[in-house]
Chemist: 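Sharing a structure here in structure tokens format.
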2 protein chains.
Amino acid sequence: MTSSPLLRESHGLRPLPGSAPVEIAESRRYRLKTKFLGRPLDTDQLAHERLGRPTALAVFASDALSSTAYASEEILRTLIPVVGFLAFSFVVPITLAMAGVLVILIFSYRQTIKAYPSAGGAYIVTKDNLGLLPAQVAGVALLTDYILTVAVSVSAGVAALYSAFGALQPYKVPIALSFIAIIAWGNLRGVKESGRLFAIPTYCFLFAMFAMIGFGIYQALTGNLHHAPVPSDAVPIGTETTVGLFLLLHAFASGGAAMTGVEAISNGVPAFKVPEWKNARSTLMVMGACLGTMFIGISWLAMKMQVVPSDNKTVISQIASGVFGTSPAGHAFFLFVQAATMLILVLAANTSFADFPRLASFHADDAFMPKQLTKRGHRLVFSNGIVLLSLAAAGLVVLFQADVTHLIPLYAIGVFTSFTLSQAGMSVRHLKLREPGWRFGLFVNGLGAIVTGVVTVVIAVTKFTHGAWAIMLLVPILVFLLVRLNHQYESEKDELGEGATAAVTEPVLRRHTVLVLLDHLDRSAARAVQYARTLRPDELRAVHIAADPEKARELMEEWQELPLARFPLEVVACPDRRIARAALEVVAEETADGRTEVTVLLPRREYREFWHRFLHDRTSDSIARALSVLPHANVTFVPFHLGRPDVVELPAPVAVPDGDS
Amino acid sequence: MTSSPLLRESHGLRPLPGSAPVEIAESRRYRLKTKFLGRPLDTDQLAHERLGRPTALAVFASDALSSTAYASEEILRTLIPVVGFLAFSFVVPITLAMAGVLVILIFSYRQTIKAYPSAGGAYIVTKDNLGLLPAQVAGVALLTDYILTVAVSVSAGVAALYSAFGALQPYKVPIALSFIAIIAWGNLRGVKESGRLFAIPTYCFLFAMFAMIGFGIYQALTGNLHHAPVPSDAVPIGTETTVGLFLLLHAFASGGAAMTGVEAISNGVPAFKVPEWKNARSTLMVMGACLGTMFIGISWLAMKMQVVPSDNKTVISQIASGVFGTSPAGHAFFLFVQAATMLILVLAANTSFADFPRLASFHADDAFMPKQLTKRGHRLVFSNGIVLLSLAAAGLVVLFQADVTHLIPLYAIGVFTSFTLSQAGMSVRHLKLREPGWRFGLFVNGLGAIVTGVVTVVIAVTKFTHGAWAIMLLVPILVFLLVRLNHQYESEKDELGEGATAAVTEPVLRRHTVLVLLDHLDRSAARAVQYARTLRPDELRAVHIAADPEKARELMEEWQELPLARFPLEVVACPDRRIARAALEVVAEETADGRTEVTVLLPRREYREFWHRFLHDRTSDSIARALSVLPHANVTFVPFHLGRPDVVELPAPVAVPDGDS
């Protein structure tokens with residue numbers, strides 16, 4: 001015999017005919033949440049808007065494009081303190097080398113986009129071709145980089161702000177934290193991935209940068225481009241006259257920060273209009289071209305103008321004020337550059353808020369991260385991932401006092417690790433599938449894997465002592481912990497799954513004992529006694545744990561007056577006043593024969609106002625906690641609502657013939 | 001038919017014959033507590049050691065005697081900034097006036113001790129004679145004063161310490177906090193009220209003070225007592241030449257701090273050897289004599305030596321160094337005075353740790369404070385009261401930076417309020433009972449009530465702007481809150497008590513429905529299903545709240561395969577993923593007819609390691625919380641122990657004929 005399942009909708013109560021409808025107020029917490037985050041969204045409202053190429057560029061490229069705001073500066077910050085103005089001879093060649101890496105990456109990701117049109121992130125590609133463990137490495141490396149992207153982008157955005165308004169500099173940490181809070185709030189509300197609004201900062205930034213570079217070239221051609229004055233708080237200017245290989249590699253590694261975010265488009269192919277992979281590919285090419293051009297252009301201007309980085313003025317801001325001059329129009333344009341830079345940087349942080357929770361949910365789906373990360377919140381976003389990212393990034397901002405230069409050495413190593421693993425994964429795929437054109441694909445992705453692998457090693461070695469060691473220590477530790485977590489999940493799953501179906505139809509235990517734990521005789525206890533008799537068990541007993549002999553004696557006298565048959569009261573002496581422990585021992589004795597199912601009834605008063613409950617010690621909670629160690633000890637809370645009479649009038653109940661009265 | 005109660009001892013499990021003994025490990029929390037606080041004490045170990053008069057003096061008088069360490073100084077601190085050296089003409093008269101109050105108080109309390117040999121605190125006396133509400137005022141006033149005693153005594157103790165070792169002055173707040181922590185810890189462990197150890201500081205202090213005063217008189221007689229040098233960081237020295245009445249009253253009010261603790265003996269009469277009241281009375285006389293003599297002596301020396309208070313050196317320390325000189329022996333004696341002062345002050349704080357929790361438990365017993373304050377902890381002391389006192393005193397120490405002078409204005413007003421109420425209560429008692437000698441008693445207590453009432457007004461008026469307003473605001477607010485609390489307790493008691501005995505035998509409801517809430521089919525769910533069948537309800541149903549339609553479909557398919565009759569699965573669509581809310585609605589619909597008792601079974605996985613539980617969201621907890629608003633919705637947690645197989649082997653259970661299989 002089988003029963004067919006009943007199906008029904010929740011919401012909108014349909015009371016049984018003849019009874020009053022039931023109104024249940026929403027909880028305070030839920031009302032607050034709705035006020036703060038907006039109307040809740042139903043699961044079927046989860047839908048992806050398809051993006052045209054221009055919008056897609058704005059949405060996916062902000063992270064990559066925005067890194068030009070600090071990449072050239074970081075190269076100079078590596079060189080100038082050692083070799084002084086000699087640095088300007090090397091900034092453009094180093095930029096060109098990094099642009100070469102970019103070209104290889106772009107072509108590599110063209111392959112990935114075609115092969116994984118549904119989701120081509122490093123985690124998926126690595127898992128698919130190299131296995132779960134390498135995927136954890138790729139994923140964790142990328143997750144740490146997403147956290148750093150938020151910290152670096154927000155800090156750089158704040159730097160753009162105080163380069164224009166110096167008075168704000170002392171407040172950079174609180175400003176950065178409020179940016180993170182605002183972005184987190186927006187994402188918890190579920191900012192749509194698309195939103196044309198997001199296109200504005202990206203295109204403003206592109207316009208500002210190309211205008212600055214173009215006008216700079218014009219000034220240079222007309223001989224009006226002058227050296228920037230050395231700022232008063234410039235970095236120390238070195239005096240060495242030879243440039244060593246290690247220094248060059250270190251500068252190159254610092255420029256690597258510009259490459260973060262290149263993988264964003266391959267993560268988001270399904271969001272493009274059909275044909276998705278073709279549109280994604282061409283958007284990738286446009287992004288690569290813009291990124292490369294801007295990076296080279298800014299480095300070239302920095303060289304021409306001999307811009308020395310300082311703590312109060314970003315290199316970009318020095319270039320902008322040099323190029324546009326001090327006329328009112330020039331200053332207006334300078335402010336526009338700063339505003340656009342700040343906005344795109346904050347938007348870049350926003351990109352991580354889309355990527356991190358999704359990637360974390362992949363890990364969690366594969367049982368390598370806590371399951372809570374797979375849960376969609378009030379507004380259908382992965383709220384737990386958003387909160388986790390915000391806290392981690394805020395922690396970094398506080399720890400590093402919103403200082404981009406100190407954050408940069410931690411950066412880029414994660415993203416290059418994931419590049420390497422994902423390109424290696426693609427190479428393996430070509431070798432396995434041998435689809436048409438696999439030789440070319442293998443060449444491109446193989447080259448990509450080798451080049452990004454080499455860059456990863458260069459970054460690891462040259463930045464090791466500057467902080468990269470922390471990431472190189474953290475990633476393996478995290479991977480170890482994730483694997484440990486996975487073992488735990490797997491062993492739980494095995495234990496819970498094994499013979500579950502058979503267990504459902506297991507016969508019930510021989511005896512059922514119901515114990516009503518009583519402190520004293522009041523209506524709350526009476527409710528529990530009434531309910532206990534509903535259960536019709538094999539044995540039924542009231543139990544009083546006697547911390548106070550006087551009270552116990554009173555209860556015994558009262559009990560003897562009651563017309564209750566087959567419902568004895570057991571009084572357990574408890575001279576050490578450890579009520580929960582005594583209850584545990586009583587129940588343990590009952591279940592010790594292995595053939596008894598015990599139900600422990602705990603009368604529980606429910607109060608109208610939350611503060612009323614603090615007037616009582618919640619002994620019932622601590623008893624329940626103590627009993628939780630015992631198998632076959634089932635704890636039932638029997639509620640009694642104080643100051644809240646039953647919502648509906650109770651009709652005359654029917655007595656059950658249990659021999660009482 | 002009635003059943004006789006069973007009586008038995010807990011601890012030491014007696015398993016049923018033929019089954020294995022059950023061993024249950026103690027919880028980590030309990031093991032930690034035992035390590036920190038010592039072996040737990042059984043309730044019958046609660047016994048008062050009887051104290052002989054010398055020990056009783058040491059135990060009960062430390063609070064009162066120790067106040068001489070700062071009382072004279074506080075008088076000078078009030079006068080000198082206004083009238084400069086003219087102050088020294090007034091310090092002795094003011095001290096004598098306060099000594100007069102002391103004499104009246106001592107005689108008043110002689111009456112109280114005789115009338116209330118079991119417990120003659122202000123709370124009991126006021127409640128007995130003036131009623132519950134005035135008793136709340138007396139009690140709250142005294143409680144705030146106990147908190148201040150801890151803050152003031154510990155701060156003054158630290159001042160004695162850094163008067164000797166100036167280098168410690170910057171650390172006064174952390175030192176004061178550690179003193180409070182140590183005293184709290186000692187009291188949580190249950191320091192015996194007596195302990196001869198406690199006699200040492202009191203007698204050392206008495207010896208040090210009388211030696212200092214005696215030697216000072218000798219020096220004065222031999223013409224060797226010189227003016228103390230004015231310290232570099234002395235208080236500002238005023239230049240006014242007339243001494244106003246208000247100033248004198250203010251100085252008098254400052255000296256009132258010396259009277260705190262006089263009531264201690266009357267609280268502790270039962271702790272004396274028989275005849276209790278006689279011994280208590282004579283100890284009270286000795287204490288009064290010592291306190292009066294020392295207070296007058298110190299004020300006299302301060303006058304003779306023209307000691308100007310300062311921030312770094314207490315007046316006592318200046319007197320001691322002046323009297324004993326700078327010879328090595330003199331310096332050793334100076335250090336002895338400081339050490340004895342510090343010890344008795346810390347001991348005085350300890351007295352409040354005995355009084356506050358006891359008084360708070362009186363309030364709580366009368367349902368004017370949270371019931372938790374009546375609960376005896378691990379070591380039989382009122383642990384919650386101790387913790388409350390420590391936190392409040394520590395808060396004051398931090399707020400006032402361990403500064404005695406700023407704390408003093410808050411002080412004394414509480415204790416004088418309670419003196420007034422308790423003496424007034426005694427007067428009413430004499431009038432009512434008219435026992436032999438009632439006229440003399442009425443005279444003494446009436447005089448006491450009038451004098452202490454006047455002093456209370458003087459303190460309130462003269463110290464109002466210095467901080468007394470805070471207490472005058474706080475006490476009525478607290479009394480209001482306590483009365484509110486009492487109403488809440490009373491209304492709860494009425495509601496719970498009304499018809500309780502009748503309610504116990506109420507017939508059970510017509511129907512019993514059991515709902516098993518399932519997420520998916522695993523062994524934990526199987527346990528819940530197995531248990532559900534034990535209950536033999538009128539209706540039995542599995543309910544799945546479907547946040548994920550895919551999972552719901554799988555479960556439905558699995559369920560249809562199961563050979564379960566009369567056990568349908570209901571699937572409730574939940575598109576907004578609010579599982580707890582959907583569960584609430586399902587159960588509300590069931591109970592809506594007012595004749596159904598619903599048992600909701602929640603499978604609950606119990607994990608071996610505490611961190612394992614953080615890998616899962618505790619949906620069952622949030623469902624239980626949501627259901628707690630519904631009457632007749634009884635929630636049962638059915639445990640399944642992961643990685644912890646049943647302690648005992650289950651014998652083959654017996655199938656119950658419920659039509660299954």
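None of these values were measured; they are calculated from a predicted model.
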Chemist: Decide yes or no for B/Leu569 and B/Leu555: does some side-chain heavy atom of the first lie under 4.5 Å from some side-chain heavy atom of the second?
Modeler: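 The answer is yes, as the side chains (C-beta and beyond) meet within the 4.5 Å cut-off.
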Chemist: Just give me the residue among B/His512, B/Gln488, B/Lys371 that pairs up with chain A most often, heavy atom to heavy atom, under 4.5 Å.
Modeler: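 If we count pairs closer than 4.5 Å to chain A, B/Gln488 comes out on top.
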Chemist: Does NZ or CZ of A/Arg578 lie under 6.0 Å from the centre of the six-membered ring of B/Tyr30, at an angle within 45° of the ring axis?
Modeler: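 A/Arg578 over B/Tyr30 ring: yes.
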Chemist: Quick one, A/Trp611 and B/Leu485 - any side-chain contact, counting heavy atoms below 4.5 Å?
Modeler: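 Result yes, sub-4.5 Å side-chain heavy-atom pair found.
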Chemist: Among A/Gly377, A/Ala546, A/Ala583, which has the most heavy-atom pairs under 4.5 Å with chain B?
Modeler: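 Counting heavy-atom pairs under 4.5 Å, the top option is A/Gly377.
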Chemist: Please look at B/Ala633 and chain A and tell me whether the side chain, the backbone, both or neither of the residue comes under 4.5 angstrom of a heavy atom of that chain.
Modeler: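 Contact with chain A involves the backbone of B/Ala633 alone.
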Chemist: With a 4.0 Å cut-off on N to O distance, would you call A/Arg581 and A/Glu585 a salt bridge?
Modeler: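 Result for this pair is yes, salt bridge flagged.
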Chemist: Counting heavy-atom pairs under 4.5 Å to chain A, which of B/Pro370, B/Pro639, B/Ser491 comes out on top?
Modeler: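 Option with the top pair count is B/Pro639.
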Chemist: Against chain B, work out which of A/His378, A/Lys493, A/Arg523, A/Arg604 has the most heavy-atom pairs shorter than 4.5 Å and name it.
Modeler: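 Among the listed options, the one with the most contacts to chain B is A/Arg523.
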Chemist: Distance alone, cut at 3.5 Å: any donor-acceptor contact between the side chains of A/Thr636 and A/Tyr531?
Modeler: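 Distance-only check fails for A/Thr636 and A/Tyr531.
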Chemist: Is it the case that A/His520 and A/Glu558 place a side-chain donor and acceptor less than 3.5 Å from each other?
Modeler: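 A/His520 vs A/Glu558: no donor-acceptor pair found between side chains.
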Chemist: Please state whether the side chain, the backbone, both or neither of A/Asp548 comes within less than 4.5 Å of a heavy atom of chain B.
Modeler: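 Neither the backbone nor the side chain of A/Asp548 comes within 4.5 Å of chain B.
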Chemist: Which atoms of A/Ala364 come close to chain B, meaning under 4.5 Å heavy atom to heavy atom: side chain ones, backbone ones, both, or neither?
Modeler: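 Interface part for A/Ala364: neither.
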Chemist: Counting only non-hydrogen atoms closer than 4.5 Å, does A/Ala547 touch chain B with its backbone (N, CA, C, O), its side chain (CB onward), both, or neither?
Modeler: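 Backbone only.
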Chemist: For chain A, which candidate among B/Val514, B/Val638, B/Leu601 shows the most heavy-atom pairs at distances under 4.5 Å?
Modeler: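 Option with the top pair count is B/Val638.
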Chemist: Under 4.5 Å, counting heavy-atom pairs only, tell me which of A/Val635, A/Asp522, A/Asn634 racks up the most with chain B.
Modeler: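 Sorted descending by pairs with chain B, the first entry is A/Asn634.
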Chemist: Return the option, out of A/His544, A/Met369, A/Arg605, with the maximum number of heavy-atom pairs under 4.5 Å with chain B.
Modeler: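 Answer, by heavy-atom pair count under 4.5 Å with chain B: A/Arg605.
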Chemist: Would you check if the side chain of A/His612 reaches a backbone N or O of A/Glu606 as a donor-acceptor pair within less than 3.5 Å?
Modeler: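 No; zero donor-acceptor contacts below 3.5 Å.
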Chemist: When the aromatic ring centroids of B/His616 and B/Tyr607 are compared, is their separation below 6.0 Å?
Modeler: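 Judged by ring-centre distance (under 6.0 Å), B/His616 and B/Tyr607 do meet the cut-off.
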Chemist: Hey, which of B/Lys375, B/Arg376, B/Glu597, B/Glu498 has the most heavy atom pairs under 4.5 Å with chain A?
Modeler: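 The residue among B/Lys375, B/Arg376, B/Glu597, B/Glu498 with the greatest pair count is B/Glu597.
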Chemist: Using heavy-atom distances under 4.5 Å, tell me whether A/Leu41 contacts chain B through its side chain, its backbone, both, or neither.
Modeler: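 For A/Leu41, the contact with chain B is made by the backbone alone.
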